[in-house]
Amino acid sequence: MKILILPDAEAAADRVAGLIAARLRQAPATVLGLATGGTMEAVYARLIAAHRAGTLSFARARSFNLDEYVGVAPDHPCSYWRYMREQLFDHVDMAPGACLLPRGDAADPAAEAAGYEAAIAAAGGIGLQLLGLGANGHIGFNEPTSSLSSLTRIKTLTPSTRAANARFFDRPEDVPRMAITMGIGTILNADEVLLLAYGEGKAAAAAAMIEGPLSASCPASALQMHRKAVVVLDEAAASRLTLRDYFDCVHPGGREAEI
Ligand code: GLP
């Protein structure tokens, strides 16, 4: 795992957006794995700004999002499809049909999940997977005790995850109980993963992910098994790392290592 610690959330978002943009400039036909959540809003805003400035195109890219709520149609105001349109898709030049999310309103959610996994494989797999981090260590909606080799499937959300996402809904009880999510195995199959977390609320999960045992109790710890995982944190999210001195020594100020 490459651990990059930036001074604050703004700098961390700058860094992640910069890494995504660099990848798209070098490989414009990249298959992106995309994430939702409050964390990503600053990243997408920066990508949109780069596109508007004429320095970044998504025209040859494709994307698969991590997850969607079961029972929620794409046009629902709280759907992840709606989030992605508002935060990114409507503002950049991705080709029509190039952006996929699981259909939360599929008549057969299990079949939808299996079909989604097959679609990722048919696209040649994910090139760069963007990830946020749940306060309980989840990635996508892979809650604690998820199989570390799981593929796209239906997961029941924990009460803490539903509470954390209640701010996006009118009423807490409106948060769906289940989601279709890429599995941890799906995420580990990506060529490269890029996880962003900021704020004190993510510090315990970040420490468990990076320094804790490989365990389904912290699904993000599975990234310890990935050959090319980059984790970008701000100071607050890095505040519980015991190996902080080492990370600073390898990547001072979050900069690339000098050989
Ligand atoms: C949500 C999403 C995740 C996201 C995480 C953190 O429940 N399913 O993909 O990374 O939890 O969300 P936030 O960025 O709002 O803290």
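Treat the numbers as computed from the prediction; the structure is a model and nothing was measured. Values below: every heavy atom of this structure, side chains too, minus hydrogens, waters and symmetry copies. Just so you know, ligand 1 is whichever comes first in the structure, and atom 1 is the first atom listed for that ligand.
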Can you name the atoms of ligand 1, numbered from 1 with element, that are less than 4.0 Å from a heavy atom of [X]?
{"X": "R167", "result": "15 (O)"}
{"X": "D67", "result": "8 (N), 9 (O)"}
{"X": "G132", "result": "10 (O)"}
{"X": "Y80", "result": "2 (C), 8 (N)"}

(message) Within the structure provided, determine whether E68 and E112 are in side-chain contact (heavy-atom separation under 4.5 Å).
(response)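 A side-chain contact is absent here, since even the closest heavy-atom pair is not under 4.5 Å.
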Is it the case that ligand 1 has an N or O less than 3.5 angstrom from some N or O of [X]?
{"X": "G38", "answer": "yes"}
{"X": "T161", "answer": "no"}
{"X": "F168", "answer": "no"}

(message) With a 4.0 Å cut-off on N to O distance, would you call R23 and E192 a salt bridge?
(response)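 Yes, R23 and E192 are salt-bridged.
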(message) Between the side chains of E211 and R240, is the shortest nitrogen-to-carboxylate-oxygen separation below 4.0 Å, so that they form an ion pair?
(response)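 Salt bridge flag = no for E211 with R240.
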(request) Check H138 against ligand 1 and report side chain, backbone, both or neither, counting heavy atoms closer than 4.0 Å. (result)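 Near ligand 1, H138 shows its side chain, while the N, CA, C and O stay back.
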(message) Please enumerate all residues that pass ring pair (Phe, Tyr, Trp, His ring centres under 6.0 Å) together with Y116, with sequence neighbours excluded.
(response)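 Listed in chain order: F64.
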(message) I'd like to check the side-chain contact (heavy atoms from CB on, under 4.5 Å) partners of A135; sequence neighbours left out, ordered by chain and number.
(response)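 A135 satisfies side-chain contact (heavy atoms from CB on, under 4.5 Å) with no residue once adjacent residues are dropped.
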